[in-house]
Amino acid sequence: MNREPVTRELFDDVMVPNYAPGQIIPVRGEGSRIWDQEGREYVDLQGGIAVTCLGHSHPGLIGALEEQANKIWHLSNVMTNEPALRLARSLCELTFAERVFFANSGAEANEAAFKLARRYAWEHTGPQKHEIISFRNSFHGRTLFTVSVGGQPKYLEGFEPAPGGIHHAEYNNLDSVKALISKEKTCAVVVEPIQGEGGVMPGDQAFLEGLRALCDEHDALLVFDEVQSGVGRTGHLYAYEMYGVTPDILTSAKGLGGGFPVAAMLTTAKVAASLGVGTHGSTYGGNALACAVAQKVIDTVSQPDILRGVKSRSDRLRKGMMDIGERYGVFREVRGAGLLLGCVLTDAWAGRAKDFLNAGLDEGVMVLIAGANVVRLAPSLIIPEHDIDDALARFDRAVSKLVAG
Ligand SMILES: *Cc1c(COP(=O)(O)O)cnc(C)c1O
């Protein structure tokens with residue numbers, strides 16, 4: 001029964017219809033190549049949406065997983081475990097953080113961050129200081145709290161009433177934050193240093209610096225959601241280093257496990273103190289297998305040569321996409337940082353990002369979209385140059401066919 005062939009059609013029969021997956025079903029991956037059920041090969045510029053940061057079947061990750069699988073998989077939080085302790089120590093050594101909380105997804109790391117921000121203000125000031133300022137077009141996950149803090153109302157439709165005390169300012173517009181922030185009421189400002197789902201929109205240097213100053217002035221915590229921008233994606237371990245703006249709380253997920261579900265909330269000792277015993281928790285958070293894999297990811301990605309490699313790969317990919325954009329008049333701009341790139345469609349192609357994704361699949365290259373107007377790329381941080389060139393050649397063919405109609 002279990003071994004009967006599975007097809008895309010089965011999805012509609014057995015799955016909740018909240019996704020609309022493509023027709024192909026990938027079954028195997030190696031590096032930046034993927035093969036589907038029919039044995040067709042693709043170059044992977046999706047990276048599982050900025051997750052498989054070391055590609056597929058990375059020998060180091062397989063080794064870490066196997067080694068830990070033979071020791072111990074899971075302990076409740078009644079016990080701590082070696083992989084979780086080691087990983088937390090590494091994250092504290094490599095970042096601003098002094099304390100770490102582990103979760104299993106970006107949404108859960110953000111949920112912890114938002115709860116902590118409220119609890120911290122509640123403890124230090126009072127219950128009236130509970131307001132959270134976030135940004136239109138931002139994305140922070142799909143739990144009711146995180147989707148409410150997120151700035152895309154369509155994701156909240158039909159799920160109200162939403163948690164209260166959340167305000168949305170305009171991204172890269174400091175004045176819109178000034179109009180909302182107050183010492184009495186604001187507990188946190190939550191921002192993606194680079195908006196991912198919202199269209200690969202980088203924060204301006206002055207904007208992020210300004211948020212830091214505003215938070216200091218109003219005793220609010222600055223929360224960086226680095227679920228997408230973190231773990232080497234920008235050519236820095238975390239994007240906050242690129243900006244030289246240090247948050248009070250940072251959330252990490254996606255790339256952190258390289259394909260294994262794990263997330264972390266990083267913060268200072270002072271702020272962490274507000275999540276005392278019993279205030280928050282997660283059964284799987286800090287799972288030994290997950291932390292062992294994440295340790296290997298962090299050890300690998302934090303190597304200077306890997307981070308430098310992200311920059312050179314970024315230049316190559318960005319240039320190639322800009323050439324394609326010019327050749328066919330399809331992209332107005334290629335923006336983003338490192339290997340999180342957004343190719344913004346020209347007016348003539350506005351709203352048609354999905355067509356580019358599908359055309360790519362037909363030619364054997366997997367790209368992402370971010371909204372209807374941006375083709376998004378988030379490949380492995382160690383994608384071989386040859387695979388970049390191959391992907392560009394395939395995408396060029398895809399676009400030429402699309403343009404020809
Ligand atoms: C993907 C994403 C999330 C949500 O992560 P999940 O693991 O899907 O819960 C949150 N914030 C940002 C910036 C993301 O890109």
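In this text, all values refer to a predicted model and were calculated from it rather than measured experimentally. Order of appearance sets the numbers: ligands from 1, and atoms from 1 within every ligand.
Atoms of ligand 1 found under 4.0 Å from any heavy atom of E192, numbered from 1 in the order shown, are 13 (C). Near H140, with a cut-off below 4.0 Å to any heavy atom, the atoms of ligand 1 are 10 (C), 11 (N). Counting atoms of ligand 1 from 1 in the listed order, those under 4.0 Å from a heavy atom of N110 are 10 (C), 11 (N). Residue-ligand proximity, G141 to ligand 1, at heavy-atom distances under 4.0 Å covers atoms 4 (C), 10 (C). Proximity to D225 (heavy-atom distance under 4.0 Å) selects the following atoms of ligand 1: 10 (C), 11 (N), 12 (C), 13 (C). Close contacts of ligand 1 with A107, meaning ligand atoms under 4.0 Å from a residue heavy atom, involve 4 (C), 5 (O), 6 (P), 9 (O). The distance from ligand 1 to the heavy atoms of S105 drops below 4.0 Å at these ligand atoms: 7 (O), 9 (O). The contact set between ligand 1 and K254, taken as ligand atoms under 4.0 Å from a residue heavy atom, comprises 1 (C), 2 (C), 3 (C), 14 (C), 15 (O).
Cation-pi geometry between R142 and Y155 is met: the NZ or CZ atom falls under 6.0 Å from the ring centre, inside 45° of the normal.
A donor-acceptor pair is defined here as one N or O able to donate and one able to accept, closer than 3.5 Å; such a pair exists between the side chain of Y171 and the backbone of G203.
E93 and S90 form no side-chain donor-acceptor contact under 3.5 Å, judged by distance and modelled atom types alone.
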**Asked** Step by step, would you call F145 with F114 a ring-ring contact (aromatic ring centres under 6.0 Å, His included)?
**Response** CA-CA 8 Å; F145 197 178; F114 306 162; 5.5 Å; yes
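For atom 5 (O) of ligand 1, the closest non-hydrogen atom on the protein side is G106 CA, 3.3 Å.
The aromatic rings of F356 and F395 lie tilted to each other, with the angle between the two planes from 30° to 60°.
Using a 4.5 Å heavy-atom cutoff, the side chains of K254 and V231 are not in contact.
Here's the thing with F139: one of its N/O atoms is less than 3.5 angstrom from an N/O atom of ligand 1.
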Show the atom names and distances, to 0.1 Å, of all donor-acceptor pairs under 3.5 Å that link a side chain in residues 276-286 to residues at least two apart or in another chain.
from	atom 1	to	atom 2	distance (Å)
T279	OG1	G276	N	3.3
T279	OG1	G276	O	2.6
H280	ND1	K115	NZ	3.0
S282	OG	N104	ND2	3.2
S282	OG	G285	N	2.9

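Closest approach of A64 and K296 over heavy atoms only: CB-CB, 3.8 Å.
Using a 4.0 Å threshold on non-hydrogen atoms, atom 8 (O) of ligand 1 does not count as touching the protein.
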